[in-house]
Amino acid sequence: MIANIIVDVPSRQTDRPFDYKVPKSLQPWIELGSRVGVPFGPRVLQGVVVGLAEESEYDHSKLKPIKELLDPEPPLLPDLIELSKWLSEKYCCSRIAALQIMLPSALKGKEVKYIALSGAEQEQAYANSAWLQALRQEDGAIKLEKLMAMFPEEHRSIKQALQQGLLTLSGKVKDRTGIKQVRMVLPPADPEAAREQLAALKKQARKQYEVLSYLLEHPEPIALAQLVAKLNTSSSVVQGLAGKELVRIEDVEQKRDPYRHRQFEPSSPLPLTELQRHVYERIVKEMERKSGQTMLLHGVTGSGKTEVYLQSIAQCLDSNRQAIVLVPEISLTPQMVERFKSRFGDAVAVMHSRLSDGERYDEWRKIRHGQARVVVGARSAIFAPFSSIGLIIIDEEHESSYKQDETPKYHARDVAVRRAKQHGAVVLLGSATPSLETFVAASRIPKGAAEAPLLSMPERVAGQAMPTVHIIDMRQELTQGNRSMFSSALYEALKQRLERQEQTVLLLNRRGYSTFVMCRSCGYTASCPHCDISLTYHQKTRLLRCHYCGHAEQEPKQCPQCESEHIRFFGTGTQKVEEELAKLFPGIRVIRMDVDTTTEKNAHEKLLKTFSERKADVLLGTQMVAKGLDFPYVTLVGVIAADTTLNLPDFRAAERTFQLLTQVAGRAGRHHLQGEVMIQTYNPEHYAVQAAAQHHYEQFIQQELELRMGMMYPPYCRLICITMSAERLDQLAEVSTRFVNELKEIAQYEGVLVPLQSRMARAMEILGPVASPLARIKDRYRYQCVIKYRGSIDASTLVERAMEPFVAGKTSKQVLFSVDVDPQVIV
DNA sequence: AGCACGCCGACT
DNA sequence: GTCGGCGTGCTC
């Protein structure tokens with residue numbers, strides 16, 4: 001038997017399966033998805049079995065056998081192996097990178113080298129070496145690393161002995177699993193026999209008597225530590241009992257439950273409204289059809305999407321299938337988790353970035369071994385190792401955090417669609433402000449279906465009115481002489497809330513309000529010496545830092561250029577707002593939520609808790625205050641400057657602004673108190689602002705679609721952005737130009753290099769190379785090339801083919817390529 | 001990615 | 001004469 005194995009080497013040259021013999025002893029164990037240790041050149045590496053065959057094309061005499069099996073059962077299932085192939089092809093990443101993101105990091109094995117005596121006679125030469133003594137005492141192999149650490153002075157002689165063949169090296173793949181083990185005491189297997197011994201113990205072994213009688217009364221397994229503490233005794237007593245075979249002590253794997261300290265009130269399904277029921281029934285029908293259909297649930301904030309999710313999941317579980325729920329990282333709060341845990345109890349696994357490696361591994365195993373049947377998690381939970389998925393829910397579908405920034409730069413929504421096809425599962429995309437791509441796709445009637453997979457819930461559950469939204473024209477404020485960042489209307493409204501002891505949420509878009517240092521005499525701004533970007537000021541550490549490379553320097557006391565003292569930092573918007581609030585309303589209690597105040601673990605949660613307990617009047621923050629929060633006493637939401645995101649040079653700027661404003665407007669008045677929203681802007685007539693104020697999604701989308709059509713942007717085409725970087729600008733210019741020419745040639749040959757405005761079904765335009773908007777990062781210059789295309793073109797493969805002459809070894813490895821398929825931001 | 005192999009410069 | 005620099009190429 002031959003196994004095709006992807007080895008754990010992140011390089012283009014090794015990015016293909018290698019063939020290995022499967023030793024007889026391992027044959028019953030090796031399956032698709034098995035993780036194995038294999039000899040690769042002089043090393044032993046981790047690898048994943050992606051194929052099994054009888055024969056190999058490769059020279060049979062050169063085939064090596066698999067060295068070891070790393071898990072008793074394969075951590076990856078065949079569907080994920082197939083998905084990894086798709087992922088690597090679509091997102092132009094290596095196969096191993098695609099496989100790695102599917103595994104918890106605890107299963108990323110690394111080679112550990114062992115050293116042992118080979119039993120040669122020349123040992124005499126080293127008879128006096130301390131390390132030889134140590135190795136003799138050690139009965140087998142010892143970790144090389146350990147030996148080197150023990151004898152730092154002897155590296156030379158050890159190396160020499162190795163070369164002479166006196167010592168041998170061997171490698172093994174070691175996991176970082178760190179499974180938490182707990183010593184458990186199991187009650188007597190034969191209580192009758194134990195009872196008979198009890199009397200005898202009473203005299204000579206008082207303590208053993210106490211322990212045994214306790215265990216006979218409470219015949220459940222109990223942690224050794226707990227038992228010892230409870231009966232005020234020591235473990236030797238219990239071990240004595242174990243020696244008499246009256247009880248058993250066993251090491252049991254302990255699953256760390258990050259939510260173990262939390263009590264979850266069980267909840268039961270709520271009655272559905274007419275609208276919810278209709279939607280629910282369509283989802284269930286689609287699940288039964290196993291069509292692999294993607295559906296959009298377009299529901300306004302407060303329309304009760306979550307209850308529909310919960311009941312659909314229940315239905316999915318009833319039919320013996322599993323469900324994945326994706327939630328934006330930022331919304332994955334304990335309250336959010338609670339809603340699922342209280343409905344489905346221990347069947348829920350939770351996955352998010354704040355879990356430790358160990359915790360994440362535990363959750364992952366709960367999924368893999370079937371104890372969990374629902375996973376609630378961020379982006380990467382889309383790879384949960386379920387065997388039969390019935391439903392994948394993606395809440396807040398439009399969120400850009402579903403696209404991963406690092407390689408592989410996948411979009412969880414697109415992976416979900418693909419994975420659902422494999423399982424015949426339904427993808428349910430939920431949002432009050434669906435992305436244009438999703439909305440357009442869901443509006444089409446699929447082949448063979450009666451209606452479009454678009455589900456609408458345009459009304460709030462309890463029939464509360466949507467909050468009143470006021471658009472405030474800041475230009476007028478200025479002409480009336482108000483130079484403050486608060487309009488008089490917002491000021492009055494705030495004052496009123498304070499008097500009524502109601503709460504306010506204030507939103508300030510962060511982008512466009514960076515914290516930079518500028519000299520007011522000469523206009524000098526502090527910028528990173530390694531990147532073309534201004535440094536940001538961190539108040540806590542009083543350092544200037546670069547976001548991209550981590551460079552840090554002291555805050556300047558005077559301008560390095562003109563030596564003026566008029567150099568000052570322009571604080572985060574939120575800091576400035578906080579100061580101004582304190583000036584306008586002395587004694588006002590403000591909670592500021594931004595990167596500075598939420599870096600600590602759980603800081604986010606703590607701040608929100610304080611606010612929900614009404615210990616503050618105002619919650620002031622960036623985007624993060626807009627997401628899914630639900631406070632009954634919030635009756636005013638203010639957006640300080642709606643324009644900051646509007647004016648960004650990004651084709652999605654209007655869409656982002658609309659989404660943000662709509663989200664934040666939904667925060668007000670969700671309960672018995674009527675809510676009010678104030679949006680301050682210098683562009684009051686902008687359609688994104690207008691549509692958000694009127695809660696009018698379709699109006700926005702029509703206008704935006706027209707614009708996108710005119711500019712030829714998604715959803716009317718697809719994009720790929722290729723960024724090339726190099727230390728030397730001349731090399732970069734040369735290679736990038738040749739690459740783009742190569743790409744154009746290939747596209748031409750394929751007959752797709754046609755303007756998008758043409759009437760051809762398949763069209764592709766190649767723009768660039770041009771300097772990237774981030775022209776230099778970490779001392780590397782950056783150029784980019786953007787591909788726009790439409791129709792059935794396998795653009796990723798074209799890019800891969802065009803890159804081939806330029807990667808590793810060939811022309812120059814000084815120029816690095818990074819491919820972003822379906823980029824979220826194009827500047 | 002590593003690691004070996006291989007071909008050229010400054011030193012015990 | 002050797003140690004060691006890092007360019008090139010291979011890993012089933």
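Numbers restart at 1 for each chain; the letters A, B, ... are given by sequence-line order, proteins then strands.
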Side chain to side chain contact (heavy atoms under 4.5 Å, CB included) partners of A/Asn741, counting only residues at least two apart: A/Thr737
Interatomic distance where CD1 belongs to A/Ile2 and C1' belongs to C/dC12 [whole Å]: 9 Å
d(CD, A/Gln46; C1', C/dT11) in whole Å: 17 Å
Inter- and intrachain pairs under salt bridge (Lys or Arg N to Asp or Glu O under 4.0 Å), touching residues 39-60 of chain A, at least two apart: none
Rounded distance in Å - CG (A/Asp19) to C1' (C/dT11): 13 Å
A/Arg801 and its salt bridge (Lys or Arg N to Asp or Glu O under 4.0 Å) partner, picked from A/Glu742, A/Glu745, A/Glu750: A/Glu750
Sugar-phosphate, base or nothing in reach of A/Phe40, heavy atoms under 4.0 Å: base
Pull out every protein N or O sitting under 3.5 Å from an N or O of nucleotides 2-5 of chain B, one pair per line with the distance.
unit_1 : atom_1 : unit_2  : atom_2 : d
B/dG2  : OP1    : A/Arg43 : NH1    : 3.2
B/dG2  : O4'    : A/Arg43 : NH1    : 3.3

Whole angstrom value for the distance that separates C1' of B/dA1 from CG of A/Asp15: 13 Å
Sugar-phosphate, base or nothing in reach of A/Pro39, heavy atoms under 4.0 Å: sugar-phosphate
A/Lys67 NZ to C/dC12 C1', straight-line distance once rounded to whole Å: 16 Å
Modelled atom types, side-chain donor and acceptor of A/Lys409 and A/Ser818, under 3.5 Å: yes
Value in whole Å for how far the P atom of C/dC12 lies from CG of A/Leu52: 19 Å
Gap between atoms NZ and P, on A/Lys62 and C/dT11 respectively (whole Å): 7 Å
Distance, rounded to the nearest Å, where A/Arg12 contributes CZ and B/dA1 contributes C1': 14 Å
Qualifying residues under side chain to side chain contact (heavy atoms under 4.5 Å, CB included), relative to A/Arg360, sequence neighbours excluded: A/Met351, A/Leu355
Please table the atom pairs, donor to acceptor, closer than 3.5 Å between any side-chain atom in residues 1-11 of chain A and protein atoms at least two apart or in another chain.
unit_1  : atom_1 : unit_2   : atom_2 : d
A/Asn4  : ND2    : A/Asp19  : OD1    : 2.8
A/Asp8  : OD1    : A/Gln100 : NE2    : 3.0
A/Asp8  : OD2    : A/Gln100 : NE2    : 3.4
A/Ser11 : OG     : A/Gln13  : N      : 3.1

For A/Ala552, all residues meeting side chain to side chain contact (heavy atoms under 4.5 Å, CB included), sequence neighbours excluded: A/Leu543, A/Arg545
Aromatic ring of A/Tyr58 stacked on base six-ring of C/dC12, 5.5 Å, 30°: yes
Residue-phosphate contact under 4.0 Å: A/Lys64 side-chain N/O, C/dC12 OP1/OP2: yes
